Amino acid sequence: MNIDFVERIILFFVLLLAQALVFNNIHLFNCATPLLYIYFVLHFPRNYPRWAVLIWCFAMGLGVDMFANTPGVAAASMTLVGMLQPSWFSIFIPRDSADDLVPSPRTIGATSFFYYVLLLVFLYSVVFFTLEAFNFFNWMQWLMNIGGSTVLTMCLIMAVENVRKS
């Protein structure tokens, strides 16, 4: 068995359990929920097969849906982000970079990594909270959920990256 596969399974279960047991119970100011499990989709290498990215992302979303009682919302959002991740990652890297390049602040630079993560987290939050609300009657709450969750998730992802860097 490949060591990358084992590491990916461990990360999958750690993020899934952390989200299910801890982060789903945090709602700061009734609008900001940390969505740290999106960290899983951010670290697929450049040459990773797209079908595998979609399967991993769908499985992570389905696992979160089972624990959070959000039928299909996280699975659909994660699958969309997993579909767009390889294309958007290629925007932030030089054309002549290695095929097995993994996104991190060390490999693509801190600024590029920040914008890459911000773009995917914001897209995920918009799709997730739009599907969850499924209406625009309370659009201020919808906007606060998107903004608060994006900021909180970004802070957590950057903190995890700084710890992981050491």
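Everything quoted here is computed from the prediction, not taken from an experiment. Residue numbers run from 1 in the order of the sequence given.
- For an aromatic pair to be called close, the ring centres must be under 6.0 Å apart, and Tyr116 with Phe89 satisfies this.
- Residue Pro105 comes nearest to Glu161 through the heavy atom pair CD-OE1, 3.2 Å, listed as atom of the first residue, atom of the second, then distance.
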Please step through side chain to side chain contact (heavy atoms under 4.5 Å, CB included) for the pair His43 and Tyr48, ending with a clear verdict. CA-CA 10 Å; His43 286 284; Tyr48 210 78; over 6 Å; no

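- A centroid separation of less than 6.0 Å is found between the aromatic rings of Phe40 and Phe12.
- Heavy-atom minimum distance, Ala75 versus Asp65: N-OD2, 2.9 Å.
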All N/O donor-acceptor pairs, side-chain side in residues 16-25, below 3.5 Å, sequence neighbours left out:
from  : atom 1 : to    : atom 2 : distance (Å)
Gln19 : OE1    : Leu36 : N      : 3.3
Gln19 : NE2    : Asn24 : OD1    : 2.8
Gln19 : NE2    : Pro34 : O      : 3.1
Asn24 : ND2    : Gln19 : O      : 3.4
Asn25 : ND2    : Leu21 : O      : 3.1

Check the pair Met83 / Leu54 against side chain to side chain contact (heavy atoms under 4.5 Å, CB included), numbers first and verdict last. CA-CA 6 Å; Met83 184 179 72; Leu54 290 174; 3.7 Å; yes

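- Within the hydrophobic cluster formed by Ile, Leu, Val, Met, Phe, Trp and Tyr side chains joined at under 4.5 Å, directly or through other members, Ile55 is accompanied by Trp51.
- For the residue pair Leu101 and Thr107, the shortest heavy atom distance occurs at CD1-CB, 3.6 Å.
- A donor-acceptor pair is defined here as one N or O able to donate and one able to accept, closer than 3.5 Å; such a pair exists between the side chain of Ser149 and the backbone of Thr33.
- For Trp56 and Phe5, the distance between ring centers is under 6.0 angstrom.
- Apart from Val102 itself, the hydrophobic cluster it occupies contains nothing, where clustering links Ile, Leu, Val, Met, Phe, Trp and Tyr at side-chain heavy-atom distances under 4.5 Å.
- Of the possible donor and acceptor atoms, none in the side chain of Ser112 sits under 3.5 Å from a partner among the backbone N and O of Gly109.
- Here the closest heavy-atom approach between residue Gly61 and residue Ala74 is recorded as O-CB, 3.6 Å.
- Under a 4.5 Å side-chain heavy-atom criterion applied to ILVMFWY residues, the cluster that includes Leu62 comprises Phe58 as well.
- By the salt bridge (charged side-chain N to carboxylate O under 4.0 Å, His left out) test, Arg8 pairs with Asp4, sequence neighbours left out.
- Nearest heavy atoms, Val41 versus Gln85: O-CG, 3.5 Å.
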Under 3.5 Å, which donor-acceptor pairs do the side chains of residues 117-127 form with other protein atoms, sequence neighbours left out?
from   : atom 1 : to     : atom 2 : distance (Å)
Tyr124 : OH     : Tyr37  : OH     : 2.3
Ser125 : OG     : Val121 : O      : 3.0
Ser125 : OG     : Thr150 : OG1    : 3.2

